[in-house]
K.L.:
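Here it is, the structure, as structure tokens.
All heavy atoms count here, side chains included; hydrogens, waters and symmetry mates do not. Quick note on labels: first sequence line is chain A, next is B, and so on, each numbered from 1.
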Amino acid sequence: MIVVDKLKKSFGNNEVLKDISITINPQEVVVIIGPSGSGKSTFLRCINLLESITGGTIHIKGKNITDKTTNINEVRKDVGMVFQQFNLFPHKTVLQNIMISPMKVKKVSKEEAEEKALALLKKVGLEDKAKVYPDSLSGGQKQRVAIARALAMEPNIMLFDEPTSALDPEMVGEVLEVMKDLAKEGMTMIVVTHEMGFAREVGDRVIFMDGGYIVEEDTPVKLFSNPKEERTISFLSKVL
Amino acid sequence: MDFNFTIIWEYADLFKKGILVTIQLSLYAIVFGTILGLLIGLGKIAKNQWISLPFRCYIAVFRGTPLFVQILIIHFGFIPLFLNTTNAMVAAIVALSLNAAAYIAEIFRAGIESIDRGQMEAARSLGMTHVQAMRYIILPQSVKRMIPPLGNEFVVLIKDSSLAAVIAAPELMYYARLMMGQYNRVWEPYLTVAVIYLVLTLTLSFFLTRLERRLKTE
């Protein structure tokens, strides 16, 4: 369970997150939508402390991760992240990309890491790409490898930061399929996305953020068909 | 202009000795300069201004003063403090290494900073420590990009090692000056060593280009 309480984040004088409080339950799929600059990516990055927070607290499974004595690396082992720009390691093969963290961070043996990596590649439908370098993959394939790489650490929570925004339209589907499978398996997921179809189909809850606040949150059906706040209505009228 | 090859042959053995010392000086300076340069480069990147300050000062001083002056200060001032007497070879290696380290530090810094920020974030998000991320993800990628400027610096080092002649380190240029003094000739000694330096630097460039090409296809 993730409990965020009065989270604040500033970049210099620019306060990007003003007062975010939310509780996310195990196995829940939360989709965050909102206009650009609303703070949704920053919020996501705060959850695994890629951004240092300015105020408030975040608890994951009862542990205050914003406390100075907490080992950030321990927290991150449990929280996988998928980036818009994939961020695969270009000097390593697809297989090595997936194996490196389990081997270096969790000290898993090479054989075990390789076996696991191949199984994950199969799961995302790319077992034939194990030996190639990321440069030779399409965007959709890269993102699926990035998901497999995050899963190799066996996280309990997965964060997705606009995972399909850098993809050609015909490749969005294959990435969303992988994410849907993950959701079905009961992974706790927080997804920042512009894919309203995905939000509606897979999300347990949709959060609309604007100006550093959570403006409105509800089940996808209710939020999309019957938004209450003016800003939500205006945003949805542009994207739906 | 008459060109006397006989005196060059007469000096052939000494030039051979000089070449070996020049290579030795350069290799030591390359190794020590690179190790020191990496540490200083990493220090300069530190976000904390107070930690990076000494490293920034080091680079400013060693890049901002002539190598010639550094060699003289280290030879006549610095080395005697530790060895009681001075030693031209030690002084030359120390001066060349310290000087090269300042330039190499900047090459490392630029190489590391040229790697997309997302690489570090991805590595950290996978639970790696900062040191692990540097070692397994950032440095291997930046080293590839650093080879051309590093090669450049190594070529400069070979050439600059000739300055050690003024403190009588028995390298190539030292024997050229010796020959010039003995026969009072200009062209023979200086053209000969110029050609030898050219061969040394071209050889190094050749190997660096091959290394670069090999890493590219990987």
K.L.:
Kindly indicate whether the side chain of A/Glu174, heavy atoms from C-beta on, has any atom under 4.5 Å from the side chain of A/Gln141.
P.N.:
yes
K.L.:
Does some side-chain heavy atom of A/Asp78 sit less than 4.5 Å from a side-chain heavy atom of A/Lys61?
P.N.:
yes
K.L.:
Counting heavy-atom pairs closer than 4.5 Å to chain B, which one of A/Lys106, A/Met81, A/Glu74, A/Arg149 comes out on top?
P.N.:
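Maximum pair count with chain B is reached by A/Arg149.
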K.L.:
Taking the side chain as every heavy atom from C-beta outward, state whether B/Tyr190 and B/Arg177 have any atom pair closer than 4.5 Å.
P.N.:
yes
K.L.:
Cationic tip of B/Arg109 within the cone over B/Phe55's six-membered ring, i.e. under 6.0 Å and within 45° of the normal?
P.N.:
no
K.L.:
Quick check on A/Arg45 against chain B: is it the side chain, the backbone, both or neither that has a heavy atom closer than 4.5 Å?
P.N.:
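It is the side chain, since no backbone atom gets that close.
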K.L.:
Is A/Phe89 close to chain B through its backbone or its side chain, or both, or neither, when contacts mean heavy atoms under 4.5 Å?
P.N.:
both
K.L.:
For A/Lys92, which atoms come within 4.5 Å of any heavy atom of chain B: side chain, backbone, both, or neither?
P.N.:
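For A/Lys92, the contact with chain B is made by the side chain alone.
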K.L.:
Pick whichever of A/Asn48, A/Asn73, A/Leu50 has the most heavy-atom pairs under 4.5 Å with chain B.
P.N.:
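Counting heavy-atom pairs under 4.5 Å, the top option is A/Asn73.
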K.L.:
Side chains of A/Lys123 and A/Asp181: closer than 4.5 Å at any heavy-atom pair?
P.N.:
no
K.L.:
Compute whether any side-chain donor of one residue and acceptor of the other, for B/Gln70 and B/Thr65, lie under 3.5 angstrom apart.
P.N.:
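There is such a pair (donor and acceptor under 3.5 Å, judged by atom type) between the side chains of B/Gln70 and B/Thr65.
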K.L.:
Using non-hydrogen atoms only, which part of A/Val75 is less than 4.5 Å away from chain B: side chain, backbone, both, or neither?
P.N.:
neither
K.L.:
With chain B, which of A/Lys77, A/Lys104, A/Gln85 has the greatest number of heavy-atom pairs at distances under 4.5 Å?
P.N.:
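Among A/Lys77, A/Lys104, A/Gln85, the one with the most close pairs to chain B is A/Lys104.
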K.L.:
With chain A, which of B/Arg124, B/Arg117, B/His130, B/Met120 has the greatest number of heavy-atom pairs at distances under 4.5 Å?
P.N.:
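Counting heavy-atom pairs under 4.5 Å, the top option is B/Arg124.
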K.L.:
Any heavy-atom pair between the side chains of B/Ile71 and B/Leu67 that's under 4.5 Å?
P.N.:
yes
K.L.:
Is B/Gln119 close to chain A through its backbone or its side chain, or both, or neither, when contacts mean heavy atoms under 4.5 Å?
P.N.:
both
K.L.:
Answer with side chain, backbone, both or neither: which region of A/Ile72 has an atom nearer than 4.5 Å to a non-hydrogen atom of chain B?
P.N.:
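It is neither, since no heavy atom gets under 4.5 Å.
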